[in-house]
Amino acid sequence: MARGFRLVFAASLLLMLLDLCRGSTIGVCYGRNADDLPTPDKVAQLVQLHNIKYVRIYDSNIQVLKAFSSTGVELMIGITNSDLLPFSQFQSNADTWLKNSILPYYPATKITYITVGAEVTESPNNVSALVVPAMNNVLAALRKVGLHKKIKVSSTHSLGVLSRSFPPSAGAFNSSHAFFLRPMLEFLAENQSPFMIDIYPYYAYRDSPSNVSLDYALFESSSEVIDPNTGLLYTNMFDAQIDALYFALMALNFRTIKVMVTETGWPSKGSPKESAATPDYAQTYNTNLIRHVINNTGTPAKPGEELDVYVFSLFNENRKPGLESERNWGLFYPDQTSVYSLDFTGKGAAVMTTESNVTSSNGTTWCIASSKASEKDLQNALDWACGPGNVDCTAIQPSQPCYEPDTTISHASYALNSYYQQNGATDIACSFGGNGVKVDKNPSYDSCLYLTAGSNKTVASNTTAISSTSSGSTKNEVSTWICICLLVTVLSLLNIGHAW
């Protein structure tokens, strides 16, 4: 009996260890409301090339599920609002969908979440009442095949689900949604599923620039907004909106439900009246967002709290209606070239924090690896540059300033640029068989500074970028030590159990 207790305790501790050590994550939304997008197979390659580990799609498209098979990328799939009625009416509909559309591709395709409906309170059709019955049927279908603990079920919401979001401590749900929100919250709490929210500080600034500063929306504010009820200090709108949701949940006595951000981002282009929709502001917001999340900063009300976030969106979508900005939220153009540079590891410097990240005004250009190049072609280019090309590739070796992120595209970009600069910064020197691309924005980040014409070594210093991440690094170190201690405890218990 003692042995059994130890093994059960060790297993429980191991599960807690895995959850604690996972940390916050960054994913990307893969919307397909366009007629010029690459095939799902090419999208899966693009996602892997940029080291994106989490992707959200809005349906259960079979071609997409097949494309992400054996990639290791975790997928969040969806049931659309138009399908809520049949899913809510009959259990057999959920069973059949799971059998035909999901099980043939699972677990080779790593499906971890199913969203049942999306922003139903914003839907022109009144489908809110269908959400929870549909969620129950989907969960029951998962339970029949033993996947109810491996695939979580939830539904996404706009911030409009709140009637009040400022100050954050006064956050409250809109009473007109209570008829379906309370049973949904009970479902989420019982099944340990997250409350999924779509948050857009861009809209708050665009619609009320006199009340919301641009810097506050972009994570760039040097001043603080004080919550008069709690005394908590807020330096960005994202945290304030997240905490408003947490306080709304606590007001209804739902204190264990975690929050997940299933959409956030910033458009790179807009109509004449949308002056903040630019590539620079989009890059600034998403870079600061990723760093903020990856550092496990948490929010003022939930310091250090794990938060998973999905950036919207992978591509510009030319079929979306509305203002010009609606078609320009993408990180990539349909031809798979980047709208702007973005580092998903959170190690890249924010656009406005260092001089090196500003567009060159003196004609300086750099050469980086093309996002359209295959992994094999990039590796060949990297090997050639560091070999016959006589490039000093010391900086991309382990423990050196440009080693992280440890991806082929990152290492190749550094090597290709070094060759380019050392050989006159000519178009031919950046060719590499079409695998090199000239850019006019310095790709340097943190302590990794890319060469420019006339320089002869990598300078390993960037005080601004390093100081901005030191707080997060300290928290990560503490979390790492906690994880190590828990792991040692688990191993000890397992050894004791083996001895018995």
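We number each residue from 1, following the sequence as shown.
Rounding to the nearest 0.5 Å places OH of Y58 at 5.5 Å from OG of S313. Taking CD of E220 as the start and CG of L214 as the end, the distance is 9.0 Å to the nearest 0.5 Å. For the atom pair I26 CD1 and L342 CG, the distance stands at 9.0 Å (nearest 0.5 Å). Separating the OG atom in S154 from the CZ atom in F195 is a distance of 7.5 Å, to the nearest 0.5 Å. Expressed to the nearest 0.5 Å, how far CG of L75 lies from CD1 of I114 amounts to 11.5 Å. Atom OG of S169 is separated from atom CZ of R164 by 8.0 Å, given to the nearest 0.5 angstrom.
Q241 has its side chain out of reach of F166: every pair of non-hydrogen atoms, C-beta onward, lies at least 4.5 Å apart. The shortest side-chain heavy-atom distance between M184 and F180 falls under the 4.5 Å cut-off. The closest side-chain heavy-atom distance from I242 to V261 is below 4.5 Å. In this structure, F344 and N51 have side chains that are not in contact, with every pair of non-hydrogen atoms separated by 4.5 Å or more. Residues Y403 and C448 are not in side-chain contact: their nearest non-hydrogen atoms beyond the backbone lie 4.5 Å or more apart. At least one side-chain heavy atom of R255 sits under 4.5 Å from a side-chain heavy atom of N253. Residues E186 and R182 have side chains in contact (heavy-atom distance under 4.5 Å, counting atoms from C-beta outward). Under the 4.5 Å side-chain criterion, counting only non-hydrogen atoms from C-beta, Y234 is not in contact with E224.
No side-chain N or O of S158 forms a donor-acceptor pair with one of D198 less than 3.5 Å apart. For the residue pair N286 and Y340, a side-chain donor N or O sits within less than 3.5 Å of a side-chain acceptor on the partner. No hydrogens or angles considered: nothing links the side chains of N328 and S268 as a donor-acceptor pair under 3.5 Å. Side-chain atoms of H148 and N191 form no donor-acceptor pair, as typed in the model, at a separation below 3.5 Å. Side-chain polar atoms of S176 and N174 form a donor-acceptor pair below 3.5 angstrom. For the residue pair E274 and Y202, a side-chain donor N or O sits within less than 3.5 Å of a side-chain acceptor on the partner.
Not a single donor-acceptor pair under 3.5 Å links the side chain of E306 to the backbone N or O of S24. Side chain of T284 to main chain of D280: a donor-acceptor pair is present (N/O by atom type, distance under 3.5 Å, no hydrogens or angles). Of the possible donor and acceptor atoms, none in the side chain of R32 sits under 3.5 Å from a partner among the backbone N and O of E317. In this structure, the side chain of S413 engages the main chain of A369 through a donor-acceptor pair within 3.5 Å. When atom types are taken as modelled, the side chain of T299 and the backbone of K302 share a donor-acceptor pair closer than 3.5 angstrom. With hydrogens and angles ignored, the 3.5 Å screen pairs a side-chain donor or acceptor of T71 with a backbone N or O of F68. At least one donor-acceptor pair under 3.5 Å links the side chain of T109 to the backbone N or O of L65.
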Could you walk me through whether T278 and K269 satisfy the side chain to side chain contact (heavy atoms under 4.5 Å, CB included) test, starting with their C-alpha distance in whole Å, then the side-chain angles of each, then the deciding distance to 0.1 Å, before giving a yes or no?
CA-CA 5 Å; T278 70; K269 183 180 179 182; over 6 Å; no
Run the numbers on W97 and S60 for side chain to side chain donor-acceptor pair (under 3.5 Å), then give the verdict.
CA-CA 10 Å; W97 171 77; S60 56; 3.1 Å; yes
Run the numbers on L188 and F254 for side chain to side chain contact (heavy atoms under 4.5 Å, CB included), then give the verdict.
CA-CA 10 Å; L188 299 180; F254 289 98; over 6 Å; no
Given side chain to side chain contact (heavy atoms under 4.5 Å, CB included), test Q283 with L331 step by step and report yes or no.
CA-CA 9 Å; Q283 185 182 40; L331 305 177; over 6 Å; no
Could you please spell out the steps behind the ring pair (Phe, Tyr, Trp, His ring centres under 6.0 Å) verdict for W329 and Y203?
CA-CA 13 Å; W329 290 84; Y203 288 129; 5.7 Å; yes
I would like to know whether N288 and Y285 meet side chain to side chain donor-acceptor pair (under 3.5 Å); could you show each step before the answer?
CA-CA 5 Å; N288 287 335; Y285 178 82; over 6 Å; no
Give the intermediate values and the outcome of side chain to side chain donor-acceptor pair (under 3.5 Å) for residues N442 and S444.
CA-CA 6 Å; N442 193 332; S444 301; 2.6 Å; yes
Full working for side chain to side chain contact (heavy atoms under 4.5 Å, CB included) between I151 and Y113
CA-CA 5 Å; I151 301 177; Y113 290 97; 5.8 Å; no
Take D308 and T25, measure what side chain to side chain donor-acceptor pair (under 3.5 Å) needs, and give me the verdict at the end.
CA-CA 5 Å; D308 297 338; T25 62; 2.9 Å; yes
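More than 12 heavy atoms of other residues, nucleotides or ligands shown are found within 6.0 angstrom of CD on E122.
Among all heavy-atom pairs drawn from R56 and A118, the shortest one is NH2-CB, 4.2 Å. The heavy-atom pair separating M196 from S155 by the smallest distance is CB-O, 3.5 Å. Of all heavy-atom pairs spanning A204 and V212, the tightest one is O-CG2, 3.9 Å. Here the closest heavy-atom approach between residue I77 and residue I102 is recorded as CD1-CD1, 3.3 Å. Shortest non-hydrogen contact noted between Y54 and V73 is N-CG1, 4.2 Å. In terms of heavy-atom proximity, F247 sits nearest to A301 at CE1-CB, 3.9 Å.
Put simply, the residue from I226, L232, N229, D243 that forms a side chain to side chain contact (heavy atoms under 4.5 Å, CB included) with P167 is N229.
A salt bridge does not link E74 to K53: none of the charged side-chain nitrogens sits closer than 4.0 Å to a carboxylate oxygen.
For Y450 and Y414, the ring centers sit closer than 6.0 Å to each other.
Aromatic ring pairs are classed by plane angle as parallel below 30°, tilted from 30° to 60° and perpendicular above 60°; the pair F219 and H292 is tilted.
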